[in-house]
Each structure stands twice: as C-alpha cells, then as structure tokens.
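Since the model is a prediction, treat every value here as computed from it, not as a measurement. Lettering follows sequence order; numbering is per chain, from 1.
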Number of protein chains: 2
Amino acid sequence: MPTERRAADPARTLALLWRDSGAVSASPRGPRQTLTVDRIVDTAIGMADADGLDAVTMRRVAQALDVAPMTLYTYVPDKATLVELMFDRALGAMARTEPAGAHWRDRLTAVAHDNRALYEAHPWIAACSTSRPALGPGVCAKYEYELNALEGLGLADVDQDAALTFLLEFVAGIARAAADARAAARDSAMSDVEWWEINGPLLEKVFDPARYPLATRVGAAAGEAQQSAYNPDHAYRFGLARVLDGLAAMLPEK
Amino acid sequence: MPTERRAADPARTLALLWRDSGAVSASPRGPRQTLTVDRIVDTAIGMADADGLDAVTMRRVAQALDVAPMTLYTYVPDKATLVELMFDRALGAMARTEPAGAHWRDRLTAVAHDNRALYEAHPWIAACSTSRPALGPGVCAKYEYELNALEGLGLADVDQDAALTFLLEFVAGIARAAADARAAARDSAMSDVEWWEINGPLLEKVFDPARYPLATRVGAAAGEAQQSAYNPDHAYRFGLARVLDGLAAMLPEK
DNA sequence: CGTTCTCTCTGTACGCTGTACAGTGTACGA
DNA sequence: TCGTACACTGTACAGCGTACAGAGAGAACG
C-alpha cells in the first residue's frame, strides 16, 4: 500500500515543485532561512539511495543537516511533499540517451534503459505512487522526452500515451521486484542462495511434488538457471523483447 | 519500499503456512487456545480489503477479535508473518477460470482476468512483496495452475516461467496503479476530476506549454479521453493485447 | 538608532506503531 | 491433588509524523 500520503495544500506543493520562490516566502521581514529546500531534498535522496525510503525519517534528515526535526517543517509542509520533491528532482536529473532519428525500436529501448538506470540509482522510486504524480518540472520533462520516442509513428494521441505507459510500467515492475529482492536480502542479512539453503530442506517436508508437478519441474529449472526464485536482469531482457514485439504488432507502419 | 519485513524463523513460518498443526503447538499441557490462526488471518484480510493494508494493525485486529493485542503473538510470531499468511490464503482462494484445452491465448487471457479479479477483491496484495514469496499452499497451487496455461507450447522450462512472470507482472503493475489511485482518492477525499479542477488552474501558472509541446498535446488528449491522468481499465485492455502479441511472437508454433 | 514586528527555529508532547518482557491464572498429566 | 506448562495480558519502550507554543534574531520603520 502506498506509504506516501497526499500533501495537503496543492498550491504550496506546486510552488515548491517549480521553485516558485515568490510564492513560497512572502514577507522579507524576520531572519533569513539557513537551509534551502534543495539541500533538504538532496540529503533525503542520498539517504533513500543508501538505506531505502523507510530509512528517510524527518528526524534523521534533520540530524544530517544539524538542525532540529521541526525545523524541516519550515521548508516543507509534510513528509509526503518531501517525497514528491525527491521524486520530481530524481526524474529531472535522470540520463536521456534516446538517439534522435533512429528506428523506433532503438529509441524505445533507450527509454527503457534510461528508466532502468534511474531505478538502479534510486531504487526507492519504485515505491513512489505514480497516480496523481507530482506535476513538477522533472516529471514533465521526462514525459516530454519519452513521448518523443513514440512520435511520428502514426499513433493516435491516446495510444501514444498508452504505449508509453505500458513500457514504463513494465520497467517499473522489474524495478519493484529488484528493490524488493534487495530489501529482503538486507533485512534478512541473507542472500537468495542462503535463503534457499535454509528453506529448501524445510519445504521438502511439507511440499508434495506429486500435487504440484508443473511447479516442481518449472520452478526447479528456473531456480537453478537464475540462482534464485527471481532474476531481475533476465526478466528485463526477456520482457523488453516481448514489450517491443507487442508494440510492433500495433504500429500502423511496418 | 516494501512495508513488509521478513519473518524471523523460517521453520515456524512454513509450519503455519501449511497448517502443520503438530509443529505449531507441541505439548497438550495447559489451557487450550481460544482462537485459531485462520480466524485471525480472515479478520485481517477483511480489514485490509475494506481499509487497506495500512489499516491492519495488531491492535485493531485484536480488538476485532475481542482479545488483547499481545494475544495475537501467541498465534503468529510477527506482523510480517501474518501478512504472509494473508497473502497465501488469498491466493489459495482465488478463482480459477482457465478453460482447459482452449487456445493458449484464451487460456492466458483467463489467467490474466483471474489475477485482475484477485487484485480487485484484495487491492492490498499489490503492495505485498513477491520476491522470496511465502511458499505456502496457496502460492504453490496458483503457480501450478498458471503454468498449465503455458504447457504444451514447446517452451523451455525457463521461458515458460519467464513468460508467466511477464504476464503476471503486467497485471500486478495495473493493480498497483489502480490501488494507488484508489488510496489517493480516499486519503484526499477527492476524485480525480476534482483534483484536476483544483490543480489544473494552478499548474497553468507555472507550466509553460511551449517548453513541453508533446506533453501538453498528448497529456491533454489522454486526460480528456479517460477523465483522469490514468485509467486502469483502459491500460489493462491495451496492455493485455500487447502482452499476448509479444508472447505470440516468441512461441515456436504459429 | 531604538523600536517593533515577523519569521525562523526548537522543546515538548500526543497519538500511533510493533513488540519485548514479566506476571497471572487455568487446565491438563501424573 | 499437585505440579507444571502454557494461554493470555498489562505495562513499557523506542520510534514514527507532526501540532503547538514559546524563544530569539534580524530586517524594516519611525
């Protein structure tokens, strides 16, 4: 379930996202602020990259900035808004390697790789909600850039959006699984292989292979081939080819 | 990021999953237990269905069962294990409508629909981690059933697993987005349309259409067509067709 | 150059979470 | 009947987001 609750005031959130400094702080009276929203966001992103989104707490971010916890609330209305700012900033800073003018397949492959790299660098993004996304400059720039890969293919606007969503959701799914796997390994202080060495023999006592013949056969083959129940790299290579083939079947031009 | 932490003792967890009653409570000495693990799990599932996984707290489950919070820990070692039990139970109880003997496309479509119905009934499942899944009877039965839809197509075992994973991950992605959207609507007490009525005019003040021409054009078209930034039903229909086409391109037989 | 006002920063506190631990009472086996 | 093992529970702790009120600093104004 989404950890992230919705921020309260849309106007303030948008002002923060677009760094609309005028709207953020009105009167010049009183002391100047010692921090910046950007510093707070960057600190939080660094923490999330290193230890996961759960490790980003207001207290910990404040401590890293040598400031009392409540001070952060002078800059940001909530934690939910802070996460939205982190999200938009990370998306705005991602690599964009789409080769202009190339074949659509290569352009979409580049978009997929860019997104995979994004999730690799910031695994916590996979856990951010994308419905009603933070409509900041990063999100908009990413959308613009990625739509370009599907331009000139004769798609209706609605299908262009749907095709992109389809591709991105695929990469996001892989990223989520990979992030889960990483988190599981860290929380349990156990690799997938070690986990199987413990659970495999225990499972044999309750699991009846005759009842689940396919699961036994295919599960064993897949588990052995990828040395775990799930291998993100393999799933990505396999899935991306299917995604592109599936889109190819829909495109007007051959 | 996965809310769910890993359970401590694998042996106990497996015994609970498979209802290996002997291994759960050893000695017949002392008072009998007044509850059952099943009752606890069912109560928790009901809560998660109604109010989301976040609303399932040990205190609330205990209260619903007229018992002190700590009593639950006599039945279940931690909350993570309880969630694993919920997960396995829901998967074990899901519908299985796959038409035996039909064309693979129809069989896979049925599998996808079954999963979509599962997520519709239990949106919280979309938030459960699937790496190192709870290897209980429900998970195994589901895997067995779904692998059957890909049997006899001339696929290598590894590809059979990968193809199934690809399909399921697609449905899971849709479900996650839908669950996010529902949670956003509930938390903000605002529909997507209302949200846009508030945020749209605000966005216009900071958003420069000239900088993001594609995003403006396609976003407007998509938003108007589906009355929101994201429509799960449309994405599902669109995506499922692409997934099946993509798999078709890989199958040995035509 | 005071004075005043406003905004920044922070200490305390509240309700919430999961759960460790110790104590109590019960019901079975001997 | 007794002893014991176990189910159940009250209290407590650390951690979370954050509401609220007070302290203090510094810029603008007279």
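For an aromatic pair to be called close, the ring centres must be under 6.0 Å apart, and B:His113 with B:Tyr236 satisfies this. The ring of A:Tyr143 has its center no closer than 6.0 angstrom to the ring center of B:Tyr212.
Here the side chain of B:Arg89 pairs no donor or acceptor atom with the backbone of B:Gly138 at under 3.5 angstrom.
Across D:dA25, D:dT9, C:dT19, the shortest atom-to-atom separation from the side chain of B:Val67 is found for D:dT9.
Note: CD (A:Gln33) to P (D:dA25) measures 17 Å, nearest angstrom. Residue B:Met58 contributes atom CE, which lies 6 Å from atom P of C:dT19 at whole-angstrom precision. Rounded to whole Å, the distance from CZ on A:Arg32 to C1' on C:dC9 is 15 Å. Residue A:Gln63 contributes atom CD, which lies 15 Å from atom C1' of D:dC16 at whole-angstrom precision. Regarding A:Leu35, its CG atom lies at a distance of 15 Å from the C1' atom of C:dC7, rounded to whole Å. In this structure, A:Leu82 places its CG atom 15 Å from C1' of D:dC16, rounding to the nearest Å. If you take CG of B:Asp66 and P of D:dC8, they are 13 Å apart, rounded to a whole angstrom. What separates NZ of B:Lys79 from P of C:dT19 is a distance of 8 Å, to the nearest Å.
Remark: B:Thr34 is not in phosphate contact with D:dA7, judged by side-chain N or O atoms under 4.0 Å from OP1 or OP2. Between A:Thr71 and the phosphate of C:dT10, there is a side-chain N or O to OP1/OP2 separation shorter than 4.0 Å. Taking side-chain N and O atoms only, A:Tyr73 has no distance below 4.0 Å to OP1 or OP2 of D:dC20.
One finds a salt bridge joining B:Asp38 and B:Arg19 here, because a Lys/Arg side-chain nitrogen approaches an Asp/Glu carboxylate oxygen to under 4.0 Å.
For the pair A:Ala55 and A:Met70, both in contact range of DNA chain D, the more 5′-proximal nearest nucleotide belongs to A:Ala55. If you find the closest nucleotide of DNA chain D to B:Arg29 and to A:Pro69, the one lying nearer the 5' end belongs to B:Arg29. When the nearest nucleotides of DNA chain C are assigned to A:Arg59 and B:Thr57 by heavy-atom distance, the more 5′-ward of the two goes with A:Arg59.
Taking both residues in full, the closest heavy atoms of A:Ala134 and A:Val139 are given as O-CG2, 3.0 Å, listed atom of the first, atom of the second, then distance.
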